[in-house]
Each structure stands twice: as C-alpha cells, then as structure tokens.
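Please read these numbers as outputs of a predicted model, since none were measured by experiment.
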Amino acid sequence: MTQRSSATARRDSNTHSSLNTDMREDQDGQTEDDIAAGDYGSGNSATLKDFSTVYGTVRNYKKFVWATPFLVAGEVAMELLIPFLMAILIDRGVSARNMSEVWKWGIILVIVAFISLAFGIGAGKTSAVASAGLAKNLRHDLFRKVQGFSFTNIDRFSTGSLVTRLTTDVTNVQNAYQMLIRIAFRAPLMIIFAWLFTFRISPDISFIFLVVAPLLALVLVALGMSVHPIFVRVFRRYDRLNNRVEENLAGVRVVKSFTREGYEDNKFMQVSQRIYDSFVKAELRLSWIMPAMYTAIYTTILLLSWIAAHQIVDSGNNEALGMTTGNLTSLFSYTLQILMALMMVSMIFIMVIISRASTGRIAAVLREESTVTTPAKPVSEVKDGSIHFSHVTFRYNENSEKPVLSDISLDIPSGTTLGIVGGTGSSKTSLIQLICRLYDVSEGSVKVGGRDVRDYDLSSLRDAVSVVLQKNVLFSGTIKDNMRWGNPDATDAQIERACQLAQADEFIRQLPGGYDYVISRGGTNVSGGQKQRLCIARALLKNPKILILDDSTSAVDMKTDSLIRDAFETEIPGTTTIIIAQRLSSVSHADQIIVLDDGRIKERGTHEELLAAGGEYRAICDSQNAASESEVA
C-alpha cells in the first residue's frame, strides 16, 4: 500500500513538474511551448505593409467600401442639421408661440431625420457587406495559400496557429474594418463640423473642446500602447490552446487507454487560465477608457452650462445680443455629438489595437512564399516512371549542420520495383518525399522521366506519382467519395477494380451500404488494415507512373500483403513501384533493395545478393526469422 502511494505521489510530482516546465515563460511572455508550436510570423506589431497586404484583399467589394463614406457623409450632414433646425424651431416657434413655424420646422425636422436614417441604413449595409467580403476573401486567400505551401512552409506554422489565423484573427480584422470604413470616417466629420457649428454659436464655448479632446486623446494612446503587447501574447496562447485541443482529440484513444484525462485537463486549464489572465489584465486597462470618456463628457457639459447660462442672462435671450435658449439647446446637441464621436473613436481605437496583432499574423501567412514553385516554362508531361538520384543531400532546415540525407545516388528504371529498408530514423520517408517535391533537395538533383523534378509543372508531376504515406488519412464521406480523390471521374466499376487489387473489395461489401458506407473523419470507424487497403486503392485510381508505398501494408497480414504485391505485378506491370517496409517479405521480390542507415545508402542489391553479402540486411532477415519461429513455438 505504501509503495502504491509512493508511486502515485511520484507520478503526481512528475505531472506537476511537467506542467510547470510546460508553462515556463520568457521575458517576452512567450513560452517554450509557443516556440515549439511554431509561432512563426506573430511579431509584436503590424507594419503599414501588413495592413496594406491584409486590407488589399477586399478586391471585388471595393465599390461598397467607396460607397460607405458618401453615405456616412450624408448621414452626418443630416444629423448636424437637426440641432440647427431645432434651434430655429425653438426660437421662432416655441419661444415666439408661433404654431405655424412650429409645424413648418417640425415637418422639416422629421424629413431630415428620415433622410439621416436612410443614409445610416445604407452606410450600415455597405460597410457590413464590405467587411464580410473582406473576411471571405481573407479566409479564401489564407486557405489557398496554405494549400500551396510546401512541407517546409507548413513546418513553420503549427496547425493550431493556422486555425486561429483563419478564424479568430480574421474575425478581429473584419470587425475593425467595418468600424474603420464607417465609424472612423463618421467620427472625424462629426467632430469637425459639430465644432464649427459650436464656434458659429459661441467661440468661447467651442474652445472647451480644444482643451478636452487632446487630453482624452493622450489617455487613449497611452492605454492603447500598454494593452497591445498583451493582445499579441493572447493570440499566441490561442494558438497553443488550439494545438492542445487538436492533439487531445486526435489522440483521445491513447489518452483514455493510459487514463491521462486528468493530466490533459490540467494542461488545457492552464493554457485557458493564462488566456483568461491576459484578457483580464487587458480589460482592466481598457476599463479606464469609459471613465475617462464620461469625465470628459460631464466636464464639458458643466463648463458649457456655466458659460452659456451667463451668456443667456447677459443677453436676455436676445439672439442679436448673444446666446438664446434655442442656441443653448443646439450647443448641448452638438456637444453630445462631439463627445459621442470621441467615444466612437475610442471604440475604434480598441478594435484597431486588437486587430493590429491579428493583421500581422495574417499578413505573415499571406506573404509567405512556397519554397516549392512551378518554373516559368514548366514541363507538363512525365515521359515514364524512371527515377534518378544524383548526389542528393537534404536538410529540413537550412541552418542544420547535419543533413537528413547525404550523397544519395540511385537509379530506378521505369517499371521496376525498389524496396527500401532501414531502422527508425534512417530517413526512408524523407527520401521518397523528394520524388514528388513535397520537399526540394538541398544539394544534387532528383530526376523523373529523365527531367529534373524542379522543371515540371507541380500538378503534372504529382499526378504522375501516387504516394500512400505512412500516416494513412481518410476523409469524412462515403467510400466512393474517398476513392474519387484518386480520380474524380472514376466510374463505379473502376473503383471496385482498384479495391479488388488492394484486397479491399471483400470487406467493403460486408459493410452496411457497401461502397456507400460513410467513413467518419480520419477513418476512425474502420480498422488500421482496412484503412491502409482503402488508401492503396485510392492511389491506384490515379493510374500513376510511379507508386510509392510508405510502410502502407504494416497493418495487414502477410497473406494479404502477398496478394496485394501479386496484383501489382500482374495488373500494373509498367508502373515503377517503391516499397518502404519493415517486413523483408514485403520487399523480397523487388528488383532492387537498398538499406538506409543514418541518411546514407549502406547496402544495395537484390534479396539474394544482400543475403549472400551477410551485412545488415542479412542481420535483419535473421532476426525476423527468429521472431517468426519464436511465435510459432
């Protein structure tokens, strides 16, 4: 019992230590996990170039952007007329007890109010359409940009970070843009012209605003500069939160099997708590804006009332001598309009502060150029499936001292089969990713069909190469839908034939609905072996010149593996096949086999030649045979 308690205590201590390490923060507020998550392109502030890049994507919605200021100008003009007309109504109608004047100016006031309402509705609609259009274009451009990234580019951003940029960051930019094209144009117009009207009524009173407004502006700028770095950190933490959720959901079966729900919950809650703390800190600082605004408003109203009251008493409510009751009413209206406009400016200021960090993050993705591009005059046809590696060296990171692959030279004639074996971390997958330019070589060249892969149109090259990656991925939809990823125009008969070659037809027909069986997201409702066979069938539907199987039969039994290999030999004899496998039985039939070790070709030859050489291949074969005999015994 004591030992059990001790073990539990040690586990809890390790968990606590891990969480504390996970949450260590540097001076800039960026955690080690933020850096590991790929927080690329989330600088502390957005530049003018960033704003130009992001807001330039409004494109086909520009007419709504340009229409908004005109409608806003009309709305402001009508709103400024209302206090002026009210002053006339009071002085000529109410004070003079002239009902005809009251009716006349009252009707004019109602008409002007309705015109102002119409302009306001129009401005609201055009600004909403423009901002929503910007958000739509931004999401499309971001998604299309990510789709065009090479693996090198994708490695620079975490998945959670890209999700945050496509959702939260775009929403922040959308909200700020709507306020900018409407409120940011309306507020200055309102302040300037309302001040001119107050100056016309009373120059003395108008100078109150020239004192209050700059003081308020200083407060806003100071608060904004102090809050912006906090929002930068908040969005980095949002990236982390998304990474946590994605990782947990993808590995939920592992989490449950090791009963680590509590550990994962603690990790999530700590990230969530830090987002909460950051927002509280930011909101506490921003909460000073409203008191500052109301202080400015009430101070202005008190000063206005005091000065105006003295002027009315001195003039005896005679317009020719000075201030009148109607003018005082107008002054209050203009004062409220000016101060409300200042409040709108403060709201815009807050939105711009928030969106500034988002703008920089979005612009970083939009300006990221793919490291793999199609040349100006690309080759559009792959002649055959021959592959030639010439002194290939490859690094995932240009700054890495040690390359992943070193001086690889290899010839694979068209229509032949190459087997690749090697220990974990020997760079087998890295080698085959260079063939279809998922990465580009650092040194040397890779040729397909007699041409350097960098000369080809990317789509043409990748259409000629089918890759069944080590991590098999199926998408939500029916089996037929998944199969047509290989060939969108494939007939039902072609789909069934490909599944027969991949030894998938039998189990498909046993599923409810057969080929119309709905695969859940990630293919979680089929077994690992079934998923592998479906992915092989999907690859075959491309009718490729080169077929690459990256350990893609590891989850099927040896008999099924043999049937799949026999089908390849008889049904697609002209296709160059590359098989990466742990089981030597999967590659023993290959025309050529290479043994990779630490990114170098250590041995090459046929199955018989490598066995006779007595090297590492022979050692692997002996160990696997011994394991098989042990299992039989």
Under the side-chain hydrogen bond (donor to acceptor under 3.5 Å, both in side chains) test, which residues partner Arg451, sequence neighbours left out? none

Please list all pairs passing the salt bridge (Lys or Arg N to Asp or Glu O under 4.0 Å) test where one or both residues lie in residues 370-387, with sequence neighbours left out. none

Any donor-acceptor pair under 3.5 Å linking the side chain of Ser588 with the backbone of His607? no

With a 4.0 Å cut-off on N to O distance, would you call Arg395 and Glu443 a salt bridge? yes

Does a salt bridge link Arg437 with Asp440, judged by any charged N lying under 4.0 Å from a carboxylate O? yes

Would you call Asp50-Arg367 a salt bridge at under 4.0 Å N-O? yes

State plainly whether the residues Arg583 and Asp551 are in salt-bridge range, i.e. N to O under 4.0 Å. no

Before accepting this row, confirm whether a basic side-chain N of the pair Lys402/Asp598 lies closer than 4.0 Å to the acidic partner's carboxylate O. yes

Any salt bridge linking Arg600 with Asp407? Criterion: basic side-chain nitrogen under 4.0 Å from a carboxylate oxygen. no

Is the shortest side-chain N to carboxylate O distance from Lys145 to Asp141 below 4.0 Å? no

Main-chain N/O of Asn137 paired to Thr57 side chain as donor or acceptor, under 3.5 Å: no

Out of the candidates Thr164, Thr168, Asp169, only one should pair with Arg361 under the side-chain hydrogen bond (donor to acceptor under 3.5 Å, both in side chains) rule; please name it. Asp169

is_close_aromatic(Tyr396, Phe394), centroid dist under 6.0 Å: yes

Say whether Arg144 and Gln147, considering side chains only, have a donor N or O and an acceptor N or O under 3.5 Å apart. no

Identify all side-chain donor-acceptor contacts of residues 542-549 below 3.5 Å with residues at least two apart in sequence or on another chain.
from, atom 1, to, atom 2, distance (Å)
Lys542, NZ, Arg462, O, 2.6
Lys542, NZ, Val465, O, 3.0
Lys545, NZ, Val382, O, 3.4

